[in-house]
Amino acid sequence: MKYDKMSEMAKEFINDEEIVKTLWQAQKRAEDQQDVKEIIQKARSFKGLSYTEAAVLSYVEDGKLKEEMFAAAAQIKQHIYGNRIVMFAPLYLSDYCVNECRYCGYHASSCMERKKLTQQEIVQEVRALEKMGHKRLALETGEDPKNNTMEYLLESIKTIYSIKFDNGAIRRVNINIAATTVENYKRLKEAGIGTYILFQETYHLPTYEYMHPKGPKANYEYHTTAHDRAMQAGIDDVGLGVLYGLYDWHYDLVGQIMHAEHLEAKFGVGPHTISMLRIRDAGDVKKNDFEHAVSDDDYKKIVAIIRMAVPYTGMILSTREGGEYRDSVIKLGISQVSAGSATGVGGYTMGTQKPQFEIEDHRTPIEMTKELLKSGYIPSFCTACYREGRTGDRFMKLAKNGQIANICGANALLTLTEYAEDYGDEEFKALADKVVTEQISGIPDDKVRGKAMDYIARIKAGERDFRF
């Protein structure tokens with residue numbers, strides 16, 4: 001079976017023979033410092049890297065060259081996304097699941113007591129999230145055709161969008177659910193979802209089959225082609241993710257970039273997001289039981305390489321990572337973070353349900369955003385592009401031609417001002433005012449800058465929800 005990035009077959013656009021050959025060649029090339037430097041220099045042009053070039057960087061061990069990689073990744077993120085860090089939170093609807101994933105706390109044979117939120121309980125959870133200031137959610141459910149039906153999910157999305165608490169409102173609902181049909185993806189599109197997210201876990205077929213011994217998720221082909229079906233159904237924005245540590249991370253890194261290249265080649269739009277995950281403790285699942293668990297140093301390298309290889313994508317870092325370490329990883333190209341997360345069903349208002357995985361960053365959204373502000377970032381609660389129809393290739397054009405500074409940069413300052421006024425203490429408001437004052441002068445377009453200043457004044461006077 002030959003490698004073909006345009007193929008509709010997962011085993012052809014994620015081709016094992018091609019990955020193995022690429023990794024073998026990459027180890028040799030990584031010994032040539034000049035070759036490595038040329039690849040890093042190419043990345044600095046903001047055009048991305050091929051999976052073969054990314055593979056070379058994955059084997060770099062020289063300290064100075066790694067620092068060059070980290071610097072390049074930071075430069076690329078700054079050039080495309082600026083200082084913005086988009087904020088979000090997960091919302092777990094149900095932990096019922098029929099899959100037997102060996103790395104997940106919700107695996108079917110777990111003795112845990114299962115829970116599924118009623119619509120009234122969803123209202124309670126969303127009110128709690130709105131009280132924290134969140135505008136963007138990632139919905140999570142286990143895979144269970146009896147308990148977690150499409151009808152239940154669609155009703156839940158409708159409920160979430162309907163809730164308005166004080167100045168709070170959820171303006172974008174992203175979905176992280178199991179692979180499904182084109183018809184169901186069309187229904188999700190009609191319901192107004194943002195990004196459809198599905199984690200591959202691992203691209204290595206034997207490991208994938210071992211990790212998924214039971215349940216619908218065991219079907220590698222159906223799972224790996226889910227993003228294709230979502231895009232065929234009209235969902236412009238899709239998100240990828242590997243659970244690094246299930247198999248050799250070099251292999252999965254190449255597979256992930258191959259997947260991004262496949263989507264770009266076939267649909268003209270690569271992944272809107274790539275979630276940066278690695279194996280963590282999850283109930284009776286322990287990270288130290290996995291022989292391929294990824295070290296802190298290698299994890300940073302993975303983040304930097306993906307930023308260099310897929311410069312336009314939003315890179316997501318969850319609360320799986322601890323606070324101080326997480327802050328150091330953000331510098332390498334992360335553009336979205338979760339904050340104040342609860343990773344169990346009912347975790348924001350009930351607090352007793354078993355989490356899917358253990359979190360290591362327990363900071364509240366206010367604490368997290370304060371740290372970001374002190375570090376020179378702009379915490380953003382913006383959802384404007386989705387609501388203005390700037391999704392898919394329309395968003396990618398903004399990212400690739402540098403117009404994010406005009407549109408997304410301005411919107412970030414508006415939503416930061418909203419957040420400060422509605423949820424910030426005096427210290428936060430002072431930090432936010434300082435950052436807004438400093439950053440607004442950097443908006444390139446004079447008209448956008450002037451209008452942004454007017455909107456900020458109106459927000460402080462009590463008006464809400466301005467956007468470009």
Can a salt bridge be assigned to the pair Asp465 and Arg467 using a cut-off of 4.0 Å between side-chain N and carboxylate O? yes
What class does the angle between the rings of Tyr419 and Phe381 fall in, given that below 30° is parallel, 30 to 60° is tilted and above 60° is perpendicular? parallel
Whether Asp297 and Lys66 form a salt bridge (side-chain N of Lys/Arg under 4.0 Å from carboxylate O of Asp/Glu) is what I want to check. no
Using the rule given for salt bridge (Lys or Arg N to Asp or Glu O under 4.0 Å), can you reason through Asp237 versus Arg172, listing the C-alpha separation, both sets of side-chain angles and the distance that settles it, and then say yes or no? CA-CA 12 Å; Asp237 294 343; Arg172 178 171 176 132; 3.6 Å; yes
Tell me which pairs pass ring-ring contact (aromatic ring centres under 6.0 Å, His included) where either residue lies in residues 282-320, with sequence neighbours left out. Tyr247-His292
Tyr377 versus Arg84: any side-chain heavy-atom pair under 4.5 Å? no
Would you name the heavy atoms of Ala43 and Ile76 that are closest together and state the gap between them? O-CD1, 3.3 Å
On the ring face of Tyr152, is Lys116 found with NZ or CZ under 6.0 Å from the centre and within 45° of the axis? yes
Side chains of Thr349 and Glu125, donor plus acceptor under 3.5 Å: yes
Heavy-atom pair with the smallest gap, counting every atom of Thr195 and Asn174: N-OD1, 2.8 Å
For Tyr203 and His259, which I'm curious about, is there any donor-acceptor pair between the side chains at under 3.5 Å? yes
Lys300 side chain near Val329 side chain, heavy-atom distance below 4.5 Å: yes
Is any NZ, NE, NH1 or NH2 atom of the basic residue among Asp361 and Arg320 found under 4.0 Å from an Asp or Glu carboxylate oxygen of the other? no
Tell me whether Arg458 is salt-bridged to Glu463, with the criterion being a basic N under 4.0 Å from an acidic carboxylate O. yes
Would you check if Leu153 and Ile177 make a side-chain contact, meaning some heavy-atom pair closer than 4.5 Å? yes
Report the residue from Lys374, Arg363, Lys370 that forms a salt bridge (Lys or Arg N to Asp or Glu O under 4.0 Å) with Asp327. Arg363
From Leu317 atom CG to Ser338 atom OG, the distance as rounded to the nearest 0.5 Å: 7.5 Å
What I'd like to find out is whether the side chain of Val242 reaches to under 4.5 Å of the side chain of Leu277, using heavy atoms alone. no
Shortest non-hydrogen contact between Pro90 and Ala342, atoms and distance: CG-O, 3.9 Å
With salt bridge (Lys or Arg N to Asp or Glu O under 4.0 Å) as the test, pick out the partner of Glu418 among Lys429, Arg171, Lys460. Arg171
Under a plain distance cut-off of 3.5 Å, with no hydrogens placed, do Ser50 and Glu53 share a side-chain donor-acceptor pair? yes
Is a side-chain donor-acceptor pair under 3.5 Å present for Tyr51 with Glu261? no
CD1-CD1 distance between Ile316 and Ile334, expressed to the nearest 0.5 angstrom: 9.0 Å
Just so I know, are the side chains of Met315 and Thr313 near enough to count as touching, which here means a heavy-atom distance under 4.5 Å? yes
By side-chain hydrogen bond (donor to acceptor under 3.5 Å, both in side chains), which residues pair with Tyr59, not counting sequence neighbours? none
Salt bridge flag under 4.0 Å for residues Glu61 and Lys301: yes
Could you check whether Gln336 and Thr273, counting side-chain N and O atoms only, form a donor-acceptor pair closer than 3.5 Å? no
